[in-house]
There are 2 protein chains.
Amino acid sequence: MGFIHIHILHHAKEEAIYGSWMLEELREHGYDISPGTLYPILHHMEVDGLLDKEEKNVNGKIRKYYRITTQGETILEEARTKAYELFKEIK
Amino acid sequence: MGFIHIHILHHAKEEAIYGSWMLEELREHGYDISPGTLYPILHHMEVDGLLDKEEKNVNGKIRKYYRITTQGETILEEARTKAYELFKEIK
DNA sequence: ATATCAATATCGATTTCCGATATTGATTGT
DNA sequence: ACAATCAATATCGGAAATCGATATTGATAT
C-alpha cells in the first residue's frame with residue numbers, strides 16, 4: 001500500500017475515476033506514474049474488492065469508471081492513519 | 001525518493017543515526033524494511049553526498065553514524081514540500 | 001588466540017515498475 | 001457498410017527495487 005493506492009482510494013471515494021484521469025491528477029502533483037504501472041494496480045484493487053468497475057460510453061469511447069467499495073473505505077481509513085503517523089514524524 | 005529516504009534525512013538532521021536504529025525506528029511506525037534494503041540505501045545516499053559517515057566504537061563494536069549534509073538538507077526540504085502537497089490532498 | 005555479539009554487508013531470488021507498443025470500440029466521413 | 005480516427009485501456013519484456021537468509025566485521029573479554 002503505497003501513496004498511489006491511497007490516492008486512488010481517496011479520489012474513488014469522492015467521485016468515479018478512470019485511468020488516464022488519475023494519471024493526470026498524479027502528474028499534476030509531481031508524480032509521473034507509468035500507465036503500465038497504474039492499470040495493473042486498478043485491476044488488482046478491483047479483484048481485491050477495493051474498487052467497483054462500471055463501463056461507460058463517453059464520446060464514443062469506452063471508459064472504465066471505478067468507485068470505492070465499503071471494504072475500500074475501511075482500507076483507506078487505515079492507510080490514512082498510517083500515512084499521517086509517518087508524516088507528522090517528518091513535518 | 002520514497003518515504004524511507006525522507007525519514008532517513010529527517011532523522012540524520014536531528015541527530016547522527018545508524019542502520020539498525022533506523023530499522024527499529026521505521027518498524028515502530030509500521031514500516032518493516034529489510035536490512036538488505038536499508039544498508040544499500042545508506043551507502044547510496046552517502047555516495048550522492050546527502051549523508052556524511054563517521055565510524056565510532058561503541059561497546060567494542062564499530063558503528064557507522066550518518067549525519068545529513070548541506071546538500072542533504074536541500075533535498076530534504078524539497079521532498080518535504082512535495083510530500084506535504086500529496087498529503088494535504090488525501091487528509 | 002578464540003569466542004562473542006551487535007552491527008553491517010552481501011547476493012540470488014522475487015516483486016514491482018517502466019515505457020514503448022498494441023488493442024479496443026463507438027463514431028465519423030465517404 | 002467500411003475504413004479511419006482517437007482516447008483510453010491493456011500488454012509484456014526489460015530494468016530497477018526489495019527481500020531475507022546468510023556471511024562478514026572488529027573490538028573486547030576470557
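We name chains A, B, ... by the order of the sequence lines, and we start the count at 1 in each one. In what follows, every heavy atom counts, from backbone to side chain, and hydrogens, waters and symmetry copies are set aside.
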Q. What's the CG-C1' distance between B:L23 and D:dC19, to the nearest Å?
A. 13 Å
Q | Under-4.0 Å salt bridge between B:E85 and B:K82 | A | no
Q. At under 4.0 Å between heavy atoms, what does A:G19 touch on the DNA or RNA strands: base, sugar-phosphate, or nothing?
A. sugar-phosphate
Q.
Run B:R67 and B:Y65 through side chain to side chain donor-acceptor pair (under 3.5 Å) and show every step you take.
A. CA-CA 7 Å; B:R67 287 185 179 281; B:Y65 282 95; over 6 Å; no
Q.
Any base atoms under 4.0 Å from B:S20, or only sugar-phosphate, or nothing? Heavy atoms, all strands.
A. sugar-phosphate
Q) So which heavy atom on B:I4 is nearest to which on B:I33, and how close? A) CD1-CD1, 3.4 Å
Q.
Output the rounded distance in Å from CG (A:L42) to C1' (D:dT11).
A. 15 Å
**Q.** Which atom of A:L9 lies closest to which atom of A:I75, heavy atoms considered
**A.** CD1-CG2, 4.1 Å
Q: Please state how far atom CD1 in A:I33 lies from atom C1' in D:dA17, giving the value in whole angstrom units.
A: 14 Å
Q: Please figure out whether A:I4 or A:I62 has its closest DNA chain C nucleotide nearer the 5' end.
A: A:I4
Q.
Quick check: do A:L42 and A:Y18 have side-chain heavy atoms less than 4.5 Å from each other?
A. no
Q: Verify, without hydrogens or angle tests, whether B:T81 (side chain) and B:E77 (backbone) share a donor-acceptor contact under 3.5 angstrom.
A: yes
Q: Could you list where the contact with chain A starts and ends along DNA chain C, reading 5' to 3', using a 4.0 Å heavy-atom cut-off?
A: C:dC17 to C:dT27
Q: Let me know, please, whether A:G36 or A:N57 comes out on the 5' side of the other along DNA chain C by nearest nucleotide.
A: A:G36
**Q.** Euclidean distance, atom NE2 of residue A:H43 to atom P of D:dT11 [Å, nearest integer]
**A.** 7 Å
